[in-house]
Amino acid sequence: MSSRYRLTSVDAVREEGSWAFTVRDEHGTDEEVFLVPCDDEDGDAVEAWVNRCTHEAQRLYRDGIGAIVRNGEVVCPKHGSLFDACSGYCDNGDAADTTLVSVDVDVDDGQVYLTDDDVRFLYEGTKHDDGDDDDPSSTSHLQF
Ligand code: FES
């Protein structure tokens, strides 16, 4: 079975730099995921990564800040490892020789769709459940 769920537009991801949503996986675990632009040859790509560094359980996307992307690489805010935004691979620092966990998305006519049959879309934004988010003003982005 294959289905797809429209998440947002490529333009929105590019304008904001990253875009977060929460899914439930096949084991019933809720996972945060973030989209980042991936400037490959077609210039219209977006990739989705589970919001957790491969070194420690550190969020890469943070409420009110988003994911930090520099020169096509996602920066871990804790120890500074850099992950390729297109491949998820890290070749440096504490997370060297690891790859972020990917979630399948497709871009079609400027829109980003969740196509991963192993997860189910829950809502836009992050879980807000561990008390370490520092920007309560961001709740408005949960509205549709
Ligand atoms: S937690 Fe990300 S590099 Fe250490």
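Because the structure is a prediction, the values reported are computed rather than measured. When a ligand or atom number is given, it counts from 1 through the structure's own listing order.
- Under the 3.5 Å distance criterion, the side-chain polar atoms of S81 are matched with a main-chain donor or acceptor of N92.
- Not a single N, O or S atom of C76, from either the backbone or the side chain, sits less than 2.8 Å from atom 4 (Fe) of ligand 1.
- Set against the non-hydrogen atoms of Q58, the atoms of ligand 1 under 4.0 Å away are 1 (S).
- Sorting the N, O or S atoms of H55 by how far they are from atom 4 (Fe) of ligand 1 puts ND1 first.
- For the pair V75 and L60, the tightest heavy-atom approach, listed with the atom from each and the gap, is O-CD2, 4.4 Å.
- The atoms of ligand 1 that sit less than 4.0 Å from any heavy atom of S81 are 3 (S).
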Check against side chain to side chain donor-acceptor pair (under 3.5 Å), D63 and T126: CA-CA 7 Å; D63 294 319; T126 59; 2.8 Å; yes
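- Under a 3.5 Å cut-off, the side chain of D116 and the backbone N or O of D104 do form a donor-acceptor pair.
- Close contacts of ligand 1 with E56, meaning ligand atoms under 4.0 Å from a residue heavy atom, involve 1 (S).
- With respect to E31, the salt bridge (Lys or Arg N to Asp or Glu O under 4.0 Å) criterion is satisfied by exactly one of R24, K127, R52: R52.
- Within the 2.8 Å limit, H79 places at least one N, O or S atom next to atom 4 (Fe) of ligand 1.
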